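This structure is a prediction, so every number in the text was calculated from the model and none was measured.
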Amino acid sequence: MPIVAGLAAKALDSLSSEDISFLQDLPKAELHAHLNGSIPVATLLELVNAHSTHNSESDLAPDILTRIENLESGVPLADISDFFPLFGAIYALTSTPDALATATRAVLEDFLCPPPQNPNGAPQCQYLELRTTPRSTQYMSRRKYLTTVLSEIEKFSNAALIVCIDRRMSVSDVIECVDLAIELRGQGRRVVGLDLCGDPNKGDIELFKPHFSKGKAAGLGVTLHIAETNSNTVSESIALLNWRPDRLGHATFLSDDVKSQFFADIPQSEAAPATSASTDYSSSDHPLHAEFMTEYSLQLARIQRKSTVDAEGRAMLSSHLDVDKGARRAAQKALYEREKEVSRSRYKPCIEICLTSNLLCKTVSSLDTHHIRYYLKNDHPVAICTDDTLPFRTSLIAEYALLLAERPLGLGLSRAEVARLAQMAMDARFRA
């Protein structure tokens with residue numbers, strides 16, 4: 001089992017044995033776990049020894065053991081940008097097919113098998129979608145990378161692969177990775193989705209759009225790391241949401257305006273009146289009153305333009321009762337149809353929530369201010385996930401402990417609420 005420390009460990013320690021049993025027995029799906037960020041420390045040390053044995057001139061960094069020890073003890077992060085350089089040492093250790101297979105097997109066993117010290121115990125989860133970015137090394141191609149990972153995944157009936165596309169990739173690399181994902185899925189391999197990931201401050205996301213569309217058309221689920229930092233722009237979030245992704249990773253800094261534009265949520269604090277054919281948009285109390293008046297003016301001008309009376313007569317039309325009623329009816333209808341279309345375009349993509357990751361990367365300051373509260377309040381689907389168990393020193397059960405533990409150690413949710421969130425994750429699985 002992963003090392004658990006920090007707030008997650010405190011939340012776990014605060015629970016009764018009955019609460020812990022409840023969490024262990026709860027059917028859970030892990031939908032946002034990065035392969036290279038979830039390798040157990042013992043496996044990394046095993047890979048170091050194997051690498052040293054088979055390579056007379058090691059290409060590993062001389063401080064590799066120190067880097068691993070730092071990961072095990074917890075790496076202090078000033079902000080999210082400090083996170084990405086951590087993986088250089090791990091990439092060097094998983095650069096051969098054999099090493100990659102060993103690492104993948106260890107991660108799968110860590111999530112899907114009972115802990116070695118308790119063979120009769122419960123695994124972390126009942127289903128796992130493991131994600132990784134295909135890498136080309138001197139020892140293997142991207143195709144070999146993916147088939148190696150898939151060969152381990154397919155030993156488990158309850159695991160699948162999401163192919164990650166790094167924002168720093170060239171277009172040619174993106175095309176290669178997406179085409180491989182589509183091809184392997186077409187061969188019956190257990191590839192279920194595509195993910196956009198990597199440093200959120202890098203890359204031009206418009207370059208990736210046609211390739212994700214191609215993957216989606218081929219039956220792959222789409223999840224996107226989105227709005228991870230406050231430097232990610234509203235325009236980028238809108239562009240990504242226009243891809244109609246099935247799930248969203250983190251979504252920490254999505255603005256209220258963007259959420260209201262794309263999400264079929266009803267803000268509980270200020271619920272807008274339900275829209276129907278009889279809605280009176282002309283009422284000054286209606287939130288769309290200003291839009292109604294603009295539309296009314298347009299409709300009135302349209303009636304005036306179509307009139308056959310002279311210019312002086314047209315100027316008087318606006319005060320004519322029937323003309324006024326006609327313009328109001330036309331404005332009512334136009335706003336109603338517009339609202340219906342907006343409503344049809346809104347949806348509820350599942351949000352992959354990684355509580356400890358957000359706290360340690362300092363994209364949120366506390367559980368009290370965490371964006372999960374918006375989604376809980378609005379009954380929006382979420383999936384509780386670990387992100388990277390190695391540097392964040394957490395486990396899936398520990399993340400669920402943060403839901404159940406009493407404040408301030410957790411969110412203080414009831415067992416029924418926690419069970420509902422677990423079911424949301426199960427429901428959001430991509431289809432094999």
Colleague: Going by the rule side chain to side chain contact (heavy atoms under 4.5 Å, CB included), which residues pair with E236 if we only count those two or more places apart in sequence or in a different chain?
Modeller: R167, I205, N232, T233, L240
Colleague: Treating Q24 as the side-chain partner and P123 as the backbone partner, does any N or O pair qualify as donor plus acceptor under 3.5 Å?
Modeller: no
Colleague: Scan for salt bridge (Lys or Arg N to Asp or Glu O under 4.0 Å) pairs involving residues 13-41, sequence neighbours excluded, and state none if there are none.
Modeller: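 Listed by first then second residue: D19-R415.
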Colleague: Determine yes or no for a side-chain-to-main-chain donor-acceptor pair under 3.5 angstrom, with Q124 supplying the side chain and L396 the backbone.
Modeller: yes
Colleague: Rounded to the nearest 0.5 Å, what separation is found between the CG atom of D166 and the OG1 atom of T133?
Modeller: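 D166 CG to T133 OG1: 5.5 Å, rounded to 0.5 Å.
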Colleague: Is there a donor-acceptor pair under 3.5 Å between the side chain of R429 and the backbone N or O of M426?
Modeller: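 Yes: the side chain of R429 pairs with the backbone of M426.
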Colleague: Got a second to check how far C354's SG is from I384's CD1, nearest 0.5 Å?
Modeller: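 The CD1 atom of I384 is 8.5 Å from SG of C354, to the nearest 0.5 Å.
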Colleague: To the nearest 0.5 angstrom, please state how far the CD atom of E129 sits from the CD1 atom of I153.
Modeller: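 It comes to 10.0 Å.
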Colleague: For the side chain of D246 and the backbone of V222, is there at least one donor-acceptor N/O pair under 3.5 Å apart?
Modeller: yes
Colleague: Which heavy atom of C125 sits nearest a heavy atom of L112, and at what distance?
Modeller: O-CD2, 3.7 Å
Colleague: At their closest point, which heavy atom of L248 faces which heavy atom of P349, and how far apart are they?
Modeller: CD1-CG, 3.9 Å
Colleague: With sequence neighbours excluded, give me every salt bridge (Lys or Arg N to Asp or Glu O under 4.0 Å) pair touching residues 201-226.
Modeller: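 Residue pairs with at least one partner in residues 201-226: D179-K214.
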Colleague: Could you check whether T223 and E352, counting side-chain N and O atoms only, form a donor-acceptor pair closer than 3.5 Å?
Modeller: yes
Colleague: Quick one: CG on D368 to CZ on R407, what's the gap to the nearest 0.5 Å?
Modeller: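 Nearest 0.5 Å value for the CG-CZ distance: 4.5 Å.
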Colleague: Distance only, no hydrogens: is a donor on one side chain within 3.5 Å (strictly under) of an acceptor on the other, for N201 and S231?
Modeller: yes
Colleague: Using every non-hydrogen atom in the two residues, find where P245 and L241 come nearest and quote the distance to one decimal.
Modeller: CD-O, 3.7 Å
Colleague: Taking NZ, NE, NH1 and NH2 as the nitrogens, is one of them in K155 or E152 under 4.0 Å from a carboxylate oxygen of the other?
Modeller: yes
Colleague: L254 and A227: which non-hydrogen atoms are nearest, and at how many Å?
Modeller: N-CB, 3.6 Å
Colleague: Once side chain to side chain contact (heavy atoms under 4.5 Å, CB included) is applied, do any residues pair with R135, and if so which ones, sequence neighbours excluded?
Modeller: N36, Y91, T94, T137, Y145
Colleague: Determine whether a donor-acceptor pair (N or O, by modelled atom type, separation under 3.5 Å) exists between the side chain of D110 and the backbone of A106.
Modeller: no
Colleague: So, the side chain of R185 versus the backbone of V191: is there a donor-acceptor pair under 3.5 Å, distance only?
Modeller: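 It does hold such a pair.
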Colleague: Compute whether any side-chain donor of one residue and acceptor of the other, for S170 and D173, lie under 3.5 angstrom apart.
Modeller: yes
Colleague: Working to the nearest 0.5 angstrom, can you tell me the gap between L409 CG and L12 CG?
Modeller: 11.0 Å
Colleague: Assess the side chains of E399 and T386: does a donor N or O sit below 3.5 Å from an acceptor N or O?
Modeller: no
Colleague: Is E176 paired with R143 through a side-chain N to carboxylate O contact shorter than 4.0 Å?
Modeller: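 Salt bridge: no.
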Colleague: Within the 3.5 Å criterion, strictly below it, is a donor on S282 or D280 matched to an acceptor on the partner's side chain?
Modeller: yes
Colleague: Give a yes/no verdict on a cation-pi contact between R247 and F430, requiring under 6.0 Å between NZ or CZ and the six-membered ring centre and an angle within 45° of the axis.
Modeller: yes
Colleague: Distance from H370 atom NE2 to L359 atom CG, nearest 0.5 Å?
Modeller: 6.0 Å
Colleague: Does R190 pair with E154 as a salt bridge, N-O distance under 4.0 Å?
Modeller: no
Colleague: Closest heavy-atom contact between A103 and I39?
Modeller: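 Heavy atoms of A103 and I39 come nearest at CB-CD1, 3.7 Å.
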Colleague: Looking at R420, I want to see if its CZ is surrounded by more than 12 non-hydrogen atoms of other residues, nucleotides or ligands under 6.0 Å.
Modeller: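 Result for CZ/R420: open.
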Colleague: Provide the closest heavy-atom pair for L404 versus S414 in the form atom of the first, atom of the second, distance.
Modeller: CD1-C, 4.0 Å
Colleague: Who pairs with H380 by ring-ring contact (aromatic ring centres under 6.0 Å, His included), at least two apart in sequence or on another chain?
Modeller: F263, Y375
Colleague: Does NZ or CZ of R346 lie under 6.0 Å from the centre of the six-membered ring of F262, at an angle within 45° of the ring axis?
Modeller: no
Colleague: Identify which one of V174, I182, L220 satisfies the side chain to side chain contact (heavy atoms under 4.5 Å, CB included) criterion when paired with L194.
Modeller: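 Among the candidates, only L220 passes.
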Colleague: Please list all pairs passing the ring-ring contact (aromatic ring centres under 6.0 Å, His included) test where one or both residues lie in residues 173-228, with sequence neighbours left out.
Modeller: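 Only H32-H225, H34-H225, F212-W243, H225-H250 qualify under ring-ring contact (aromatic ring centres under 6.0 Å, His included).
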Colleague: If we count only N and O atoms by modelled type, under 3.5 Å, do the side chains of R302 and Q299 hold a donor and an acceptor together?
Modeller: yes
Colleague: Has the side chain of S297 got a donor or acceptor atom that lies under 3.5 Å from a matching backbone atom of M293?
Modeller: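 Yes; at least one donor-acceptor contact below 3.5 Å.
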